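Okay, so here's the structure we're looking at.
In this text the structure is predicted, and so the values were computed from the model without any measurement. Each chain gets a letter, A, B and so on, in the order its sequence line appears, and its residues count up from 1.
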Amino acid sequence: MTLRKHIFYLLSITFFTACTSDSDQNTGTVDFSSGSFIINEGIFQSGTGSIDFLDLDGNYYPNIYSSNNDNLPIGNVAQSMIIHNGIAFIAVNNDHKIIACNTNGFKHEYTLDNIRNPRYFVEADNDHIIFSNWGINGSNGSIQKINSRTGNITLAKNIGGSPERLLTYGNKLYVTMSKGFERDHRLLIYDMVTFDFLKELNVGDDPNAIAIDDEENIWVVSGGHTDWDNPENNTPAQLSKIVRDEVVDTLHIDAGANDIAINNASGELLYLSWNGLFSVDIRNLGSNEMKYPGYYYGLKRNHLYDEIWLANAKDFTSNGTVIRLDNSYTIVDSLATGIIPSDFYFN
Amino acid sequence: MKCFALMLLLSSMSLLAQKPILQDTGSMAVITTAQYPDDAYTRLYTSFSNDIIGTLESNPNTQIQSNSPGGLVTALSNGMGARHFAIIWDDVNIQSPINGTFDLNLIPAFLFTESLLISQTINPSYGNASMAGGIFLKKDDIDHISINHLVSNTENHTFAIRAKEEIGKLNFELGHQRNNYNHKYAFLKGSEKRVQQDAQYNSSDWIADVNVDLHPNWQATIKTWIQDVRRDLSPSKTALYNGEYQEDQNQRYSLNLLGTLGSSLVKFKYAHFNEQLNFFSNVVDSRANNRVHNYLTSIQNIPILRLNFGVQIRKDAVDTNFGIVEERHNVGLNASKQYQVWNNISAQFQVRKDWVDKKSMPLTYRIGFDYQAKNALSFHIDLSKNYNLPTFNDLYWPFGGNELLLNEESYQYNISAFYSFKQANSKQGVKVGLQYQDVENWILWRPENGIWTPNNQKEVQHIGLSLEYAIKRYLSNVLSLGIDYSGSISSTIIVDSGTPSTNKGNQLIFIPQQKHTLQVSVEQDVSSFEIHNNWVGKRYTTTDNLNSLPAYYITDITYKTQFSSSPSIYAWITIHNLFNHNYEVIPFFPTPLRHLSFGIQYNFI
């Protein structure tokens, strides 16, 4: 074989290798670090959760966990997620685990098993996230801290009850104690670093959502209590305003209230109830107003688009949709989702 | 001729079961094994499987709904729900009025060895919870002692014994079956092979029957069935076991007085059930009790009118720890008549009227005609009107029960043709059936404003076409070959939900549109070899019909032989899921890969 042939073959191999490489790049790894994530619970027991993703260029990727991990199911049911230090953490409630994926391709990195009924996450500091969980029987919950760089749980505190949504402000961790499998009405406040207990506030039955506005007021939505045997024991849903760790104002709102989103520009606080999306003027707390009718299973403000996103789980046994509203509550767009969309994460 | 050909269709239970019922006089109290010719029986645990479920799966009109071994198993007959399918023990429906189901796991197959399947309505005879047919729990007659022992390589053990004795005018039978199942079967989770760890199932069943001849024309019978089942409910592959555990503790008693008055057969019955269902997990403690008092009187062949007449009075008293404490009182009258319209045309009429808590229920009826075109060819046509009550959970479930629910009502039409012929060394039979059912106010649970609640769907339709074919060819005096095929194509859709719905016209979830079964058997002298193939088509898993489970195909093979004739000793071995297919009946619930079972039966005269 002549040298010229050797060079020809070498160049050919280099050419085809280069082509293959280009091809991989075109169809290969997607950057999942920034964009809008839709967390779909999946059918309880006989289903699996899923994650859909809309990138900043408007490309939509359904079911990104399974499609990037050999069709593996996430598990039953996907509850929430957070991205921290390049790792996406997904709480899988009924499979009692937290899955960690890298954001570069959404490949599975590791699983934290035997986390009983994990619920929601919040960022603690540059190295840590905190999650809530309900414990083995749904009412002996705890808060736990994960080092997001190592995947190690570095701190755990059993606080009982059914800790749900979390908020950090200053050095404090605010924990809403939802009804879970028992009745509860507390907002618990802990030292974010040590988990030392600081304070307890009564914010009405079933506090299930929490947010902070740009004036550093903390708002809690509580769903109220329904006694199916004796309606006399019912308590109304409530919105609580908390300033310097004191409840300074409350408003009775629509039964079954849940979820929360704040539009600081307009001064509107949004929440969901059984029959629609409602708003409250947080600068003049006094009345609420339905903004968009229907039953929705999840609500968040998407700061990437300055939109309101509503999760429509339809009949809970078919694929859902996300309704995208602008600030005047007009539909901008909608997205087809997996089964039972319930939560969002925007990064 | 027809009976001879019927015998061929051993796997065609709908046919075998249907004929006796269609010829039945219609009174609930007189539907007994004595009504049917011997060769019309179909034992629902043929092929030496140790349960009824396996045989039901072979029926073209029946879909078995189960998640994993040991979990809840129900039968969906002709596209209808579990709530429409009756389980009849000693002439009384034992389907739970609380949740509208009966777990088929709870049938001790070796103690009910000749149960019958009816895959069309028995509502005009039995009233509530029977418009898709049902199973009649019955047993064969043993000589003296029958013992069955079954083991499998999944660490499942079954031991069953029945003994019969006669002392003077007393006739006793005592039976006991004990199942100790570890269900340690292999399954695939993704590509990873695992062994089930959370599916222990332990059951103990006792039956005791006593017959006393009080008089040459009168007999008293006492029947008892005591049951205690405790089991883990294994999780799906996407969930972690969270202590799910269920207890079923049931006591059932019945007292019958049966005799003749002139040419009429008269029966008086009192039955009492005490049924306890407990479910526990790390987060749930649910306990439900139902006590049933059932009185029944029937007269068959009333003089002059040649009519059968029955009266039923039933009380269900439900007491749960989740807030349902209710009673239901039911009074039902039914009548039936059968007569020969013409030489080759016979007709059957059944009618039933119920009052539930003093409220009048719709009149239900069935009219059927049989036409014997030739010796080997017959046609059947019938139509019926049926109703179904909401269950106690439907009405009073504390977190979404709907007391405004309407009764379901349906019209059902069946047409079938049966042809059989015999040649020198073979017998063949073929049956084609067409069924249509239109259900108004179908009860469906779905979320409403975030709370699961049942609502009436205005109209649901089912249409099904089934084909059954059987041939038995004698290759020599001791060698024969048998082939049985059954298949169905069906559709069950919501025609009108009564509310705006994007799912209108979609197939109901989990009900396959196609199902086919093929069984090939070779018998030689005292031995036989069977290959059983079951193909179940795609099943939608979401109501928008965008997600589905793929079709699956399972093959079981069984070899059986007789070692001794006195006492008769049979042994058999079955390889289940021969080709080791990974499949799911309900999404993500594991099902066993290939496994073995071995059984032996002793019959002492």
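Proximity to chain A involves both the backbone and the side chain of P398(B), based on heavy atoms less than 4.5 angstrom apart. Heavy atoms of I74(A) lying under 4.5 Å from chain B are absent altogether. Neither the backbone nor the side chain of Y297(A) comes within contact range of chain B; no heavy atom of the residue lies under 4.5 Å from a heavy atom of that chain. T541(B) touches chain A through its backbone: at least one of N, CA, C or O sits under 4.5 Å from a heavy atom, while the side chain does not.
Atoms OG and OH, on S318(A) and Y540(B) in that order, are 14.0 Å from each other to the nearest 0.5 Å. Distance check: S46(A) OG to E584(B) CD gives 10.0 Å after rounding to the nearest 0.5 Å. Taking OG of S281(B) as the reference point, atom CG of N137(A) lies at 9.5 Å (rounded to 0.5 Å). Within the model, atoms NZ of K314(A) and CZ of R446(B) stand 12.0 Å from one another, a figure rounded to the nearest 0.5 Å. Expressed to the nearest 0.5 Å, how far OG of S236(B) lies from CD1 of I43(A) amounts to 11.5 Å. Between N117(A) atom CG and N282(B) atom CG the span is 9.0 Å, to the nearest 0.5 Å.
The backbone N or O of N319(A) lies less than 3.5 Å from a partner atom in the side chain of D544(B), making a donor-acceptor pair. Counting only distance, with no hydrogens or angles, the side chain of T317(A) and the backbone of T542(B) share no donor-acceptor pair below 3.5 Å. When atom types are taken as modelled, the side chain of D95(A) and the backbone of L240(B) share a donor-acceptor pair closer than 3.5 angstrom.
Contact detail for D315(A) and W452(B): the closest heavy-atom pair is O-CH2, 4.2 Å. In plain terms, the two heavy atoms of F589(B) and Q45(A) that are nearest each other are CE1-O, 3.9 Å. Here the shortest heavy-atom pairing between G47(A) and T238(B) reads O-OG1, 2.9 Å.
In N230(A), the CG atom is crowded: over 12 heavy atoms of neighbouring residues, nucleotides or ligands sit closer than 6.0 Å. Crowding of K189(B) atom NZ: a count of heavy atoms from other residues, nucleotides or ligands under 6.0 Å exceeding 12. The environment of K107(A) atom NZ is dense: over 12 non-hydrogen atoms of other residues, nucleotides or ligands sit within 6.0 angstrom. In the displayed structure, K458(B) atom NZ is contacted under 6.0 Å by at most 12 heavy atoms of other residues, nucleotides or ligands.
Side-chain contact check for T48(A) versus F588(B): some heavy-atom pair is nearer than 4.5 Å.
Chain A forms the most heavy-atom pairs under 4.5 Å with one residue out of N67(B), N242(B), I509(B), and that residue is N242(B).
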